[in-house]
Each structure stands twice: as structure tokens, then as C-alpha cells.
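Contents: one structure, followed by commentary.
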Amino acid sequence: MLPMGALVGYGLQHILSMVGGVIAVPLLIGEAAGLDAAGRGLLVASALFVSGLATLLQALGVPYLGSQLPLVQGLTFASVSTVLAVIGTDGTLGLRRAFGACIAAGVVAFAIVPLFAQIIRFFPPVVTGTVITVIGASLLPVAAGWIAGRPTINGAPNPGFADLGNLALGMITLAFVLALSTVKRFARMAILLGLVFGTVAAIPMGKLHTPDLSVISPLAAPTPFAFGTPLFSFGAILSMVVVFIVIMVETTADIVAVSEIVGTDCPGHRVADGLRADMLSSAVAPVFNTFPATAFAQNVGLVALTGIKSRYVVAVGGGLMAVLGLSPWLAALINMIPQPVLGGAGIVLFGSVAASGIRTLSKVAYDGTNNLLIVATALGFGLIPAVAPGFWSRLPTTAELVLESGISACAIVAFTLNVFFNMIGRRGDSSVATLQAHGPARAIDHEVLADLPDRAPSASAGDGTPPVPPREATRPAPTHNEGQ
């Protein structure tokens, strides 16, 4: 627990670094549904409100709900394509059908969490490091898109794509963040100060667009089912269940990643609690006119970069985000931050996630193992959607949905290959065949072990790990495969 000033400052830094992604989803869906400006504004306010409450639940937690880790919740892009397909050309009617599908799929996903959470014991460093690396690498195109824009808009070439002014603004912001990161006094607030400086720098460049606050309400509480009661369609629900399974894979990866960065244990029950909070928030979100709110990978990089590992910082940030959702006025002011400024900060944020994954992979034993094959193949599958969008477009919809999510594809491939190479056919006493939840390595004092009178011979782990005496069995089980 940090002093209140630090909690608010660092919490605001989290919100400013991810608010662009949260707002983008409802704006995109609102346009597809044919909503007017007021309707799209309601979707944005609802997204902020629900994301804030979901963050509070995830970070603080209650029994069986919440990982109690510094994880920020936000609207996921993983659901956008399916939501748009469900909406089709039916406008508000399609929007209500999408809300119904999200509610039903969220309930189904919540029910299967206990089974899903058991896979965490199959995530040793060779898997987690690869997934964390792909999380960061797959987010870098998002930062690039914030700076350069989209090559096309509605199928037509975008004349503003890769505008030199936007590139300059992004690089100015990046340079300022890097410079502040070298000053000990400002390093932990480098992102926040960089966003402020970048926004100020945008003024003389004519790239800061101020909203007309006179037409925006200063306070507006989200109205449940503002667009009408949800509609339930079996086909839409089935499609959304697949999306929620993909989201669960991504959330599991985010929980493991932030646990690794924070340096805490990540047993199966913590993953289950985090997933339950994630799925409950996503199931309740449509009641308040928004879509699945899940763990935001963007903010994992901020934890790694700043070293601020307090979950209370994230909780305060969640509270601030909920307040933004209650005040369209404040949300509009926050949304003034130019996209290139967010992109400049995003380069170092998302790169920090990838760097954390590389650091985890440095602990993996490669000699005499097939771990290099696991990393190489999983990285390839994880990066294909980023370097070749549409690569899987000829596959059935379900398979395409899973594989076009680089994080999900990487997690599934790394998990499968680890089981195949490191578990099937290995000796029963192999450390790889008895994987436990991944967490920080526990130091073993070999001089103390040598003095223990009741040491008994035990099989080596097979990878250089010293034998552990029987009395270790009475202690809590280690959460890290020390050999790997």
C-alpha cells in the first residue's frame, strides 16, 4: 500500500496508457450498429464504467473472485469480429442479440473455469516465456497503428496514413519517455509524464483536438439495458462461447505473465479466481451496455517497466476509470490525448512485455532438450497473425477465430508441444513430467542440506537439480520447476 498521492498518480498512469484501447472497441461497434453520436457516447461511458469496476474486482478480490494481482481490465478486441458478425445489418436489434450472446457465453465460461484452470500446471518457463514474448510482440502493431493510422478507411486508401507529423509526435513522446526513464526521480512516472508532454507538444503541431464540452453531459449514470432487453440466439451464443474460450486462454497468459513480473506464486486456484472474476465481469457487462471486459495485456508492460507492483495502484486506477464512465465530460477530456502520443508510449510499454518474456526464456535449459523447437514453433504461430493478417482466413470460422489471436495460438501450440516433448515418454521421475504452477525459484541452501542427519537418497530431477530431502515434503510445494 503506497501513499495516496502515489496511488492516484500511478493509477492515473495505468488508465491513460490504456484508455485509447478501451474507447476504440465501443466506437467501432457503435459505428457498425449505426448508432448516433449519443449512442456511441453511451457505449464509451459504459465501457469505462464496467472496465473500472471489473479492475477493482480483479485487483482487490473477494473469496473465489479476483486474482489479487495488478491486472487492469478493459474491453478486448478478441470479441469485436464476432460481435460485428452477430450485429450484421440489423442495427440496434443486432446489438441486443450480441448482448444476449455475451451474457449466455459468459455464464457458460464461468461454469467451466474450474476445469480450465487446471492447465496452469502445464505452464513451465518454456511456455510462459514464449507466451509473454508473443503478448508483447503482438501488441507492437497496435502501437504502430496508433502512430501511423490505418492504410485504408472503409476500403479506400487513407491519405493521412504514415503522416510525417504523426510519426514525429510519436517519436517525440517515445524520446521523452526514454529520457525520463533514466532519471531515478521520474522513472516510475515516465509514461504519465510522457503522455502529458506529448499532448502539449501536439498543440503547436495542430494535432490536439479539443471537444465541445457544451454538448456533453458532465454526469450520466449508465442505464441498464439502455438499448432494450437482450435477445438470445443459439448460433450467436455458440460463436461467442468460442470467443470466451479464446479470452480465457489470453487471460490465463496475462495472469501468468504478471505473476512472473511481480515475482509471486501462480497456483491453479489463483488462475481460477482471476478467470471467474473475468468471466463474471464479461457476463454482467452487457447489462450496462458494453462488451467483455478482460485482462488488458497492455498494462502488463507498464508493471514491468515501472516496477510498481502494488495491486492497490491498479485498484485506484480502476476507481478512476469507473468515475470517468460516470462523467462523459471527463472521458472526453482524457480522450483528447492524440493517438500518436499513445503510440509513442506504447512502443516502450509493449516492448517491455516482450523483453520480460525473453528474460524468462533465458532461464530455460536448451541443451539436450527440445525446448528450442517449442519456442521456435510457438513464436512462429504467435506472430503469424501480426505479420500476415488473414493467413488463416480460409479455415472454418472457429479455427480462424482461435488462430488469428496470436496470444491464443502461441499458448495452445507451446502448451501442446511441451506436453508432447517434455512429458509424453519421459521417465516418471522427470521433473518435467511433474510440472507445478510456475512461480519464482526457491533458493536451496546446499550447505544446510548437507548437515541434515536424515537425508535419504532420492532420484535426481534429471536436469541438474539437486535431490531434495524427504523433509521437504512437509513444506509447501514449490511453485516453480527449478530445473527449468
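Just so you know, these numbers use all the heavy atoms, side chains as well, and skip hydrogens, waters and symmetry mates. Because the structure is predicted, anything quoted here is derived from the model rather than measured.
With hydrogens and angles ignored, the 3.5 Å screen pairs a side-chain donor or acceptor of Arg311 with a backbone N or O of Ala59. Between the Ser46 side chain and the Phe288 main chain, a donor and an acceptor come within less than 3.5 Å of each other. For the pair Glu260 (side chain) and Thr360 (backbone), a donor-acceptor distance under 3.5 Å is absent. Not a single donor-acceptor pair under 3.5 Å links the side chain of Thr416 to the backbone N or O of Val413. The backbone N or O of Gly390 sits less than 3.5 Å from a side-chain atom of Ser393, completing a donor-acceptor pair. A distance-only check finds a donor-acceptor pair linking the side chain of Gln68 to the backbone of Leu60 [under 3.5 Å].
Salt-bridge formation is not detected for the pair Arg270/Asp273: no Lys NZ or Arg NE/NH1/NH2 atom is positioned less than 4.0 Å from an Asp or Glu carboxylate oxygen.
Taken from OG1 in Thr229 to CZ in Arg96, the straight-line distance is 4.5 Å, to the nearest 0.5 Å. With values rounded to the nearest 0.5 angstrom, Ile237 atom CD1 is found 8.0 Å from Phe234 atom CZ. Separation of atoms OG1 (Thr55) and CE (Met321) is listed at 4.0 Å; rounding is to 0.5 Å. Separating the CD1 atom in Ile191 from the CD1 atom in Ile308 is a distance of 12.5 Å, to the nearest 0.5 Å. For the atom pair Asn166 CG and Met171 CE, the distance stands at 10.5 Å (nearest 0.5 Å). Annotation: the span from Leu169 atom CG to Lys207 atom NZ amounts to 7.5 Å, rounded to 0.5 Å.
Contact record, Ser259 with Ile255: OG-O, 2.8 Å, taken as the closest heavy-atom pair. Contact record, Pro230 with Phe225: CD-CE2, 3.5 Å, taken as the closest heavy-atom pair. Between Thr199 and Pro338, the closest heavy-atom pair is OG1-CD, 3.9 Å. The nearest pair of heavy atoms linking Pro385 to Phe381 is CD-O, 3.4 Å. Taking each heavy atom of Ala179 and Thr182 in turn, the nearest pair found is O-OG1, 2.6 Å. The nearest pair of heavy atoms linking Val131 to Ala253 is CG1-CB, 3.3 Å.
Between Leu361 and Thr133 the shortest side-chain heavy-atom distance falls below 4.5 Å. At a threshold of 4.5 Å between non-hydrogen side-chain atoms, the residues Val313 and Pro70 do not count as touching. The shortest distance between side-chain heavy atoms of Val300 and Leu71 falls below 4.5 Å. Residues Pro340 and Trp146 form no side-chain contact, since every pair of their non-hydrogen atoms from C-beta on lies 4.5 Å or further apart. Residues Ser67 and Val271 form no side-chain contact, since every pair of their non-hydrogen atoms from C-beta on lies 4.5 Å or further apart. At a threshold of 4.5 Å between non-hydrogen side-chain atoms, the residues Met248 and Ile112 count as touching. For the pair Cys102/Pro292, a side-chain contact is recorded, criterion being any heavy-atom separation below 4.5 Å from C-beta on. Between Thr294 and Asp254, every side-chain heavy-atom pair lies at or beyond the 4.5 Å cut-off.
At a cut-off of 3.5 Å, with distance as the only test, no side-chain donor of Ser281 or Gln73 sits close to an acceptor on the other residue. Under 3.5 Å, the side chains of Asn158 and Thr152 contain no donor-acceptor pair of N or O atoms.
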Show your reasoning for whether side chain to side chain contact (heavy atoms under 4.5 Å, CB included) applies to Val108 and Phe244.
-> CA-CA 9 Å; Val108 172; Phe244 271 66; over 6 Å; no
Before giving the answer on side chain to side chain contact (heavy atoms under 4.5 Å, CB included), spell out for Arg276 and Phe110 the whole-Å C-alpha distance, their side-chain angles and the decisive distance to 0.1 Å.
-> CA-CA 6 Å; Arg276 270 191 288 266; Phe110 185 90; 3.7 Å; yes
Residues Val284, Val50; criterion side chain to side chain contact (heavy atoms under 4.5 Å, CB included); working and verdict | CA-CA 9 Å; Val284 173; Val50 170; over 6 Å; no
Check the pair Leu43, Phe227 against side chain to side chain contact (heavy atoms under 4.5 Å, CB included), reporting the backbone distance first and the verdict last.
-> CA-CA 10 Å; Leu43 287 183; Phe227 298 96; 3.8 Å; yes
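Among Leu75, Leu35, Leu95, Thr290, the one residue that satisfies the side-chain contact (heavy atoms from CB on, under 4.5 Å) test with Ile29 is Leu95.
Screening residues 5-14 for side chain to side chain donor-acceptor pair (under 3.5 Å) gives His14-Asn299 as the qualifying pairs, with residues at least two apart or on separate chains.
The ring of Phe99 has its center closer than 6.0 angstrom to the ring center of Phe291.
Environment of OH in Tyr64: sparse, with no more than 12 heavy atoms of neighbouring residues, nucleotides or ligands closer than 6.0 Å.
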